[in-house]
Student: 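Below are the structure tokens for one structure; questions will follow.
Each residue takes its place number in the sequence, starting with 1. Computed from a predicted model, the values in this text were never measured in an experiment. All heavy atoms count here, side chains included; hydrogens, waters and symmetry mates do not.
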Amino acid sequence: MRRKDPGLDAGLAWGTRVATLPGGVDWRPGVLEEGLLSTSNELHRGVLTSGAADQLAALVARAAHARVGLIHFVQGGRLRLYGGWGLSGSWDEVADVPVEESLGAIVLRNDAPVLVADLSADDRVPPGQRGAYLGHPIRDQHGAVVGICCACDRGPRAWTADEVAAVAEAAQVCTLLITEQVARYEIDQQRRFLDAVLDSLHDGVTACDADGRIVFVNERMRAMWGAAGLPDDRLPDGLTDAAGRVLSRDDLGVFRALRGDHLRDEEVILHGSDRRTRHYLVDAHPITGPDGHTVGAVQAVQDVTRRRRVERFRTCELAVITALAEAPNIEAAGPRVLEAVVGTLDWVHAELWLVDEAAAVVRSAARWSAPGWQADIDVPVDLPYGTGLAGRAWQVGKPLWIRDVGKPQSLISEETAKSSRLHAALAVPVREGFETLGVLTVFADTVEDPEDELLALMSGIAAHIGQFVEKRLVEDLQRQLDRSKNEYLALIGHELRTPLTSISAYTELLREADEHTLVTEGPRLLEVIDRNTNQLRHIINELMELSALDAGHADVQLAPMDLAEVVRDSLAKARAAVHGAPLVIEDELPEHLVLPGDRKRLRQVVDNLLGNAVKYSPDGGHIGVTLKATGRAAELAVSDTALGVSTDEREKMFTGLYRTSRARDKAIPGTGLGLTLSRAVVNRHHGSIELVEQAGSGTTVLVRLPLDAR
């Protein structure tokens with residue numbers, strides 16, 4: 001094909017471009033002009049690909065026996081060249097010209113073919129033009145003019161009917177070509193638009209044809225199932241339905257839809273090799289053609305893993321709240337709470353620890369392992385402050401996530417991690433306000449990275465546990481207060497009345513006695529009055545001191561002191577008091593044990609404990625005193641082999657004015673305030689005091705005091 005003919009007069013090409021024509025052009029754009037052809041020059045050149053427009057222009061020139069063939073399209077009041085043959089001048093000069101400056105204006109104005117045998121003799125053409133021109137409008141499928149197909153020659157000539165018909169047929173071919181190419185272009189644009197829309201969806205989309213061949217998979221589908229996004233390749237391992245049945249290729253929604261099924265919110269679960277489970281909802285429907293036959297199917301897959309997890313988290317939190325609401329104490333609630341946590345997270349083991357401030361340790365309160373998991377995980381009774389996962393979480397006061405406890409510096413012993421097959425671990429402090437009451441720890445048998453949602457859930461559960469523990473403490477204190485009120489009334493009715501009655505009676509005897517009686521019985525009567533007065537004074541002093549300690553008004557001066565020395569002094573006094581009695585007092589004390597404390601107050605505690613042990617061993621026996629450092633606390637234990645205290649009476653012993661039934665039966669003197677005062681003093685030292693189990697008969701009182709200042 002020839003695009004440039006040097007033998008043709010260059011001026012002939014300008015026959016398509018003339019000066020402004022008189023009368024103007026009344027032309028309205030067609031559908032293509034308003035739509036596709038109104039965008040850009042590059043767009044139109046892309047419509048007629050592979051030089052089709054140039055080939056058509058050559059056919060026009062040959063059919064009309066002309067030197068030049070041209071195809072123009074009208075765009076925005078201008079003629080744009082899209083195909084040419086035989087031009088001898090510059091293509092740029094005729095590629096884009098105003099309609100009013102071209103012979104095409106005559107074609108557009110007449111809306112019909114234009115034949116000019118001699119441009120120099122045609123009054124429609126400005127003077128100075130030479131040659132012949134044959135132009136025919138190009139119409140779209142709606143009949144609107146969208147361009148011009150023309151043939152030009154350098155000299156005057158007559159156009160035969162066959163030549164006119166050939167150009168007209170070429171214009172029709174242009175219409176067909178344009179219509180086909182534009183339709184193809186529009187389909188391609190629509191496909192690209194649809195692909196972009198489908199790739200931007202959050203749902204995975206897969207489509208197949210009537211033969212079950214996958215014809216489309218969007219990016220989201222590939223991202224969800226990887227290479228298995230194309231079921232023609234292979235299915236992802238571990239793909240099941242909601243009941244756990246393993247799915248085959250034919251079970252996929254798109255192929256079930258191809259067989260005529262309509263699926264809505266069908267659940268599919270993907271069990272990953274890393275134990276991560278993904279949940280999907282599938283919608284699938286057949287695609288029906290114009291004749292009513294199925295031509296394919298499409299499925300949309302929505303990842304609802306996050307939604308399912310939120311639902312499980314809510315269920316877990318509800319189970320925790322229910323367990324706490326129904327349990328009388330944390331020991332009863334702990335296993336149920338841990339069971340709910342383990343079941344929700346699909347982890348394997350959980351533990352609940354409670355803080356013992358006095359001993360500076362966290363003590364194991366509950367544990368739970370998933371069914372089928374090994375139950376012999378080594379859980380220590382307690383962990384010192386800052387030691388182990390629970391102890392460190394207490395120390396730092398914030399959640400700790402260990403990606404793999406089998407790695408060094410994981411806070412879990414290497415032996416425990418290896419034998420238990422545990423990997424990921426999470427520890428969350430159980431807090432109420434600014435006070436840490438315990439630590440909640442959970443473990444997985446896989447390596448896990450930190451997750452904000454999981455941390456939020458565990459922090460919420462820890463907060464519920466903290467509120468529960470604090471509430472039970474408040475309730476216990478309230479019950480103790482109520483009992484104290486009743487016991488104070490009982491004291492007024494009995495403990496205070498008894499010495500007052502004796503004082504009053506013996507005073508009355510002295511008042512009524514004669515001189516002889518005063519001389520002989522007076523000293524004895526005064527001794528009774530003095531003894532009861534001292535007893536009454538002692539009770540009042542203890543009550544006032546207890547009240548001051550409870551209210552925080554009592555002066556407790558904490559300073560470094562040697563508790564071992566205090567215990568030795570108290571033991572020396574107790575041994576002197578029981579000298580000659582069938583009572584053995586043994587001790588096991590370190591040379592020194594220094595801690596922050598009030599020497600006078602702690603001496604009072606030791607004297608009370610030794611005094612009780614002696615008092616409740618009237619028939620002799622054995623009293624043992626031990627003092628040692630355990631972790632970050634000092635432990636003082638005073639044991640006897642006397643009456644013993646029943647389990648249900650142990651806590652009551654510290655509530656004030658309470659005396660055991662055995663002490664009352666044996667008429668052992670006392671007010672029941674000694675242990676209450678001792679607990680108040682120990683509490684002011686941030687310690688604890690309790691009656692603990694002891695083999696055989698007798699009682700053991702255990703006092704824990706922190707070795708470090710609080």
Side-chain angles (χ1 to χ4, degrees), residues 494-495 498-499 502 524 527-528 530-532 534-535 537-539 541-542 562-591 593 600 602-628 634-654 656-679 681-682 689-704:
H494 181 269
E495 299 295 339
T498 298
S502 297
R524 184 182 64 82
E527 183 180 350
V528 172
D530 183 62
R531 184 173 62 251
N532 281 278
N534 289 333
Q535 182 181 357
R537 183 183 299 111
H538 177 70
I539 293 174
N541 287 339
E542 285 192 326
D562 188 351
L563 184 59
E565 181 183 352
V566 170
V567 175
R568 285 193 188 92
D569 291 344
S570 183
L571 281 168
K573 176 183 175 182
R575 287 190 174 105
V578 298
H579 181 69
L583 184 62
V584 178
I585 301 179
E586 294 183 348
D587 64 80
E588 185 179 345
L589 308 177
E591 184 176 353
L593 185 55
K600 177 182 177 182
L602 291 180
R603 172 62 185 269
Q604 184 180 11
V605 171
V606 178
D607 287 346
N608 277 335
L609 298 184
L610 284 174
N612 283 343
V614 171
K615 185 192 318 180
Y616 288 97
S617 303
D619 300 327
H622 181 275
I623 295 175
V625 179
T626 62
L627 177 64
K628 61 182 179 179
E635 289 190 352
L636 171 65
V638 178
S639 306
D640 62 54
T641 56
L643 300 176
V645 180
S646 62
T647 303
D648 59 342
E649 288 184 309
R650 287 177 184 169
E651 184 61 26
K652 296 178 182 179
M653 295 289 293
F654 298 96
L657 305 170
Y658 182 84
R659 308 191 67 221
T660 65
S661 57
R662 296 180 184 180
R664 293 193 298 269
D665 293 342
K666 289 182 174 293
I668 298 176
T671 62
L673 289 172
L675 287 178
T676 306
L677 269 173
S678 297
R679 169 171 280 188
V681 171
V682 171
I689 181 172
E690 60 180 331
L691 270 69
V692 297
E693 291 284 350
Q694 176 175 307
S697 63
T699 303
T700 296
V701 181
L702 180 63
V703 177
R704 294 189 183 93

Student: State the CG-NE2 distance between L583 and H622, to the nearest 0.5 angstrom.
Tutor: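 Answer rounded to 0.5 Å: 9.0 Å.
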Student: Can you name the closest pair of heavy atoms from R575 and I585 and give their distance?
Tutor: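 Closest heavy-atom pair between R575 and I585: NH2-O, 3.1 Å.
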Student: How far does OG of S678 sit from CD1 of I689, to the nearest 0.5 angstrom?
Tutor: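 S678 atom OG to I689 atom CD1 measures 5.0 Å (nearest 0.5 Å).
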Student: If every non-hydrogen atom of V567 is compared with every non-hydrogen atom of V625, which pair is closest and at what distance?
Tutor: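 Closest approach of V567 to V625: CG1-CG1, 3.9 Å.
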Student: Rounded to the nearest 0.5 Å, what's the gap from CD on E591 to CG on D562? Could you check?
Tutor: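 Answer rounded to 0.5 Å: 9.0 Å.
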Student: With rounding to the nearest 0.5 Å, note down the distance linking OG1 in T626 to CG in D587.
Tutor: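 Those atoms lie 9.5 Å apart.
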Student: State plainly whether the residues R603 and D607 are in salt-bridge range, i.e. N to O under 4.0 Å.
Tutor: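 A salt bridge is present here (some side-chain N lies under 4.0 Å from a carboxylate O).
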Student: Show the nearest heavy-atom pair for residues A564 and P590, with the distance to one decimal.
Tutor: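 It is CB-O, 3.5 Å.
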Student: With side-chain contact (heavy atoms from CB on, under 4.5 Å) as the criterion, how do N608 and V681 come out once you've worked through the C-alpha distance, each side chain's angles and the decisive distance to 0.1 Å?
Tutor: CA-CA 12 Å; N608 277 335; V681 171; over 6 Å; no
Student: Is any side-chain heavy atom of V701 closer than 4.5 Å to one of N612?
Tutor: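 A side-chain contact is absent here, since even the closest heavy-atom pair is not under 4.5 Å.
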Student: Let me confirm one number: the CG-OG1 distance from L702 to T700, rounded to the nearest 0.5 Å.
Tutor: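 If we round to the nearest 0.5 Å, L702:CG and T700:OG1 are 8.5 Å apart.
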Student: Measure the spacing between CG of L563 and CZ of R568 and express it to the nearest 0.5 Å.
Tutor: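 Result: 10.0 Å between the selected atoms.
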Student: Please answer whether the main-chain N or O of G621 pairs with a side-chain N or O of T641 as donor and acceptor at a distance below 3.5 Å.
Tutor: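 Pair absent, no side-chain N/O of T641 close to backbone of G621.
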Student: Do T699 and V638 make a side-chain contact, defined as non-hydrogen atoms from C-beta onward lying under 4.5 Å apart?
Tutor: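 They are not in side-chain contact.
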Student: Do any N or O atoms from the side chain of D640 and from the backbone of I623 form a donor-acceptor pair under 3.5 angstrom?
Tutor: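 Answer holds: no.
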